[in-house]
Amino acid sequence: MSLKLIEQHRSFDGEQCKYSHFSEVLQCDMTFSIYLPSNKEKKKIPLIWWLSGLTCTDDNFSQKSGFQRLAEKYQVAVMIPDTSPRGEHVANDEAWDLGQGAGFYLNATQEPWAKHYKMYSYIVEELTDIASTLVPNFSGEESIMGHSMGGHGALVIGMKNARRFKAISAFSPISSPSRVPWGIKAFTSYLGEDQASWKEWDASELIKKAGMPPILITQGTQDEFYPIQLDETNFLKNAQENNQEVHYKKVEGYDHSYFFIATFLEDHFAFHMKHLR
């Protein structure tokens, strides 16, 4: 494994680290960030995954949210992948909502994307193996959360691996990607015209399956992408019809930014820790 530590910062007694490595799954060089709490009491440490949104890297959450205070408070490690494969040899698009920075956390099947755009397998398999070696006293317990496109990713990855993840949460998620412009564009490009193949990557379809982890969603009413890109109606309807535990909270006056995320992040950490311990 070509794992290289490229940044390390003390934060609230824990360590905020950034690594680079060559990904065998994505066939390119990648970076990711991870926060390791101080664990002064030498207890078992659970792991929360954070998935970022369109145009983001692993730096956005680590530098803008202030999550480290909460991760140290709750003594939980936090893993932050990048949002897509990267590099001059990796397929890209001129638009900001497709290609590099917009991997949509799925496994692409269409050219020119299929060779590199395997973010689902990268996270669930390759990066999972790496994370298990980096978290000291890892308890084996995990949960997952994300924002916008990353909220879509958290819902999909969490529900496709329902026995693995104890809880799922999302800020302003794309919860019905097959029905909104961002998702339709990405799914058509990455997965092809056959919409039947889209269902396994659509949270509003996955929620129909029994036994999903508890889910928390927070959505701001002043979000510039709500409701056109982030409509919750179909997802919540399917969740209710299938008796899934979904806590959906709409908050007045908040937008799509990290000011919104930072405001409600403690609610999400408390939710995850309730189910991790």
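Please read all numbers here as calculations on a predicted model, not as lab measurements. The first residue of the sequence shown is numbered 1, and numbering continues consecutively from there.
Nearest heavy atoms, S84 versus G101: OG-N, 2.7 Å. When every heavy atom of A114 is checked against every heavy atom of E111, the shortest pair comes out as CB-OE2, 3.8 Å. In terms of heavy-atom proximity, Y105 sits nearest to G150 at CE1-CA, 3.6 Å. The shortest non-hydrogen separation linking L276 to S143 is CD1-OG, 3.7 Å. Minimum heavy-atom separation, L5 to Q8: CD2-OE1, 3.5 Å. Considering all non-hydrogen atoms of both residues, A186 and L98 come closest at CA-CD1, 4.1 Å.
E224 CD to L230 CG: the interatomic distance, rounded to the nearest 0.5 Å, is 9.0 Å. Remark: Y190 OH to K118 NZ distance equals 12.5 Å, nearest 0.5 Å. Rounded to the nearest 0.5 angstrom, L191 CG and F104 CZ are separated by 10.5 Å. For the atom pair CD of E126 and CE of M119, the computed distance is 10.5 Å after rounding to the nearest 0.5 Å. Put simply, CD on E72 and CG on L36 are 10.5 Å apart, with the number rounded to the nearest 0.5 Å. Atom CE of residue M149 and atom CG of residue D97 lie 10.5 Å apart, to the nearest 0.5 angstrom.
In this structure a side-chain-to-backbone donor-acceptor pair under 3.5 Å is present from Y117 to Q100. Within the 3.5 Å criterion, the main-chain N or O of S204 finds no donor-acceptor partner in the side chain of S176. Not one N or O on the side chain of R277 forms a donor-acceptor pair closer than 3.5 Å with the backbone of P46. Judged by distance alone, the side chain of N234 and the main-chain N or O of N238 form no donor-acceptor pair under 3.5 Å. With hydrogens and angles disregarded, no donor-acceptor distance shorter than 3.5 Å links the side chain of Q222 to the backbone of D255. In terms of modelled atom types and a separation under 3.5 Å, the side chain of T221 and the main chain of G253 share a donor-acceptor contact. Between the side chain of T83 and the main chain of C56, a donor-acceptor pair closer than 3.5 Å is present. Put simply, the side chain of S132 gets close to the backbone of D129: a donor and an acceptor are under 3.5 Å apart. Of the possible donor and acceptor atoms, one in the side chain of D202 sits under 3.5 Å from a partner among the backbone N and O of S178. Remark: side-chain polar atoms of N242 are not paired, donor with acceptor, to backbone N or O of Q244 under 3.5 angstrom.
Remark: H89 pairs with no residue by the side chain to side chain donor-acceptor pair (under 3.5 Å) rule, at least two apart or across chains. With sequence neighbours excluded, the residues forming a side-chain contact (heavy atoms from CB on, under 4.5 Å) with A71 are Y35, F67, V76, V78, F269, listed by chain and number. For the side chain to side chain donor-acceptor pair (under 3.5 Å) test, no residue two or more places apart in sequence or in another chain qualifies with Y19.
Cluster membership check: M273 shares its hydrophobic cluster with F264, using side-chain heavy-atom separations under 4.5 Å among Ile, Leu, Val, Met, Phe, Trp and Tyr. Transitive grouping of hydrophobic side chains (ILVMFWY, heavy atoms separated by less than 4.5 Å) keeps I217 and Y258 in distinct clusters. Under the 4.5 Å side-chain heavy-atom criterion for ILVMFWY residues, no single connected hydrophobic cluster contains both M145 and V135. Side-chain heavy atoms closer than 4.5 Å link hydrophobic residues (I, L, V, M, F, W, Y) into clusters, and following such links, even through other members, never connects I123 to I48. Linking Ile, Leu, Val, Met, Phe, Trp and Tyr whenever their side-chain heavy atoms come within less than 4.5 Å puts L236 and M212 in one cluster.
Within the 4.5 Å cutoff, side-chain heavy atoms of V246 are placed close to those of I207. Taking 4.5 Å as the limit, some side-chain heavy atom of K160 sits within range of a side-chain heavy atom of W201. No side-chain heavy atom of Y120 sits under 4.5 Å from any side-chain heavy atom of E200. Between H147 and N60 there is no side-chain heavy-atom pair separated by less than 4.5 Å. The side-chain heavy atoms of P37 and K73, taken from C-beta on, include no pair separated by under 4.5 Å. The side-chain heavy atoms of Q16 and Q68, taken from C-beta on, include a pair separated by under 4.5 Å. Here the side chains of L127 and W49 are in contact, with some heavy-atom distance below 4.5 Å. Looking at L155 and L206, their side chains never come closer than 4.5 Å, going by heavy atoms from C-beta outward.
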Tabulate below the donor-acceptor pairs under 3.5 Å that side-chain atoms of residues 25-33 make, not counting sequence neighbours, or state none.
| from | atom 1 | to | atom 2 | distance (Å) |
| --- | --- | --- | --- | --- |
| Q27 | NE2 | E24 | O | 2.9 |
| T31 | OG1 | D58 | OD1 | 3.0 |
| S33 | OG | D58 | OD2 | 2.7 |

Report all side-chain donor-acceptor pairs from residues 164-175 shorter than 3.5 Å, counting only partners two or more places apart or in another chain.
| from | atom 1 | to | atom 2 | distance (Å) |
| --- | --- | --- | --- | --- |
| R164 | NE | E142 | OE1 | 3.4 |
| R164 | NE | E142 | OE2 | 2.9 |
| R164 | NH1 | V124 | O | 3.2 |
| R164 | NH1 | T128 | OG1 | 3.3 |
| R164 | NH2 | T128 | OG1 | 2.7 |
| R164 | NH2 | E142 | OE1 | 2.8 |
| S169 | OG | H268 | ND1 | 2.9 |
| S169 | OG | H272 | NE2 | 2.8 |
| S172 | OG | D223 | OD2 | 3.3 |
| S175 | OG | D231 | O | 3.3 |

Legend entry - side chain to side chain contact (heavy atoms under 4.5 Å, CB included) evaluation trace for F235 with Y248: CA-CA 11 Å; F235 177 80; Y248 185 86; over 6 Å; no
Inset, instruction - Check the pair H116 / Y122 against side chain to side chain contact (heavy atoms under 4.5 Å, CB included), numbers first and verdict last. - result: CA-CA 10 Å; H116 299 288; Y122 171 64; over 6 Å; no
Inset, instruction - Test H275 against F271 for ring-ring contact (aromatic ring centres under 6.0 Å, His included), laying out the working first. - result: CA-CA 7 Å; H275 296 287; F271 172 79; 5.0 Å; yes
Inset, instruction - Give the C-alpha distance, both sets of side-chain angles, the deciding distance and a yes or no for side chain to side chain contact (heavy atoms under 4.5 Å, CB included) between W113 and D93. - result: CA-CA 10 Å; W113 314 103; D93 190 90; 4.2 Å; yes
Inset, instruction - List the steps and the verdict of salt bridge (charged side-chain N to carboxylate O under 4.0 Å, His left out) for R69 and E266. - result: CA-CA 10 Å; R69 176 182 64 84; E266 184 146 20; 3.6 Å; yes
Inset, instruction - Test T263 against V251 for side chain to side chain contact (heavy atoms under 4.5 Å, CB included), laying out the working first. - result: CA-CA 11 Å; T263 301; V251 289; over 6 Å; no
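The environment of CD in Q240 is sparse: at most 12 heavy-atom neighbours from other residues, nucleotides or ligands sit within 6.0 Å. Atom CD1 of I184 has more than 12 neighbouring heavy atoms from other residues, nucleotides or ligands inside a 6.0 Å radius.
Using a 4.0 Å cut-off between charged side-chain N and carboxylate O, K18 and D59 make a salt bridge.
Other residues sharing the hydrophobic cluster of F259, ordered by chain and number and joined by side-chain separations under 4.5 Å: none, the residue standing alone.
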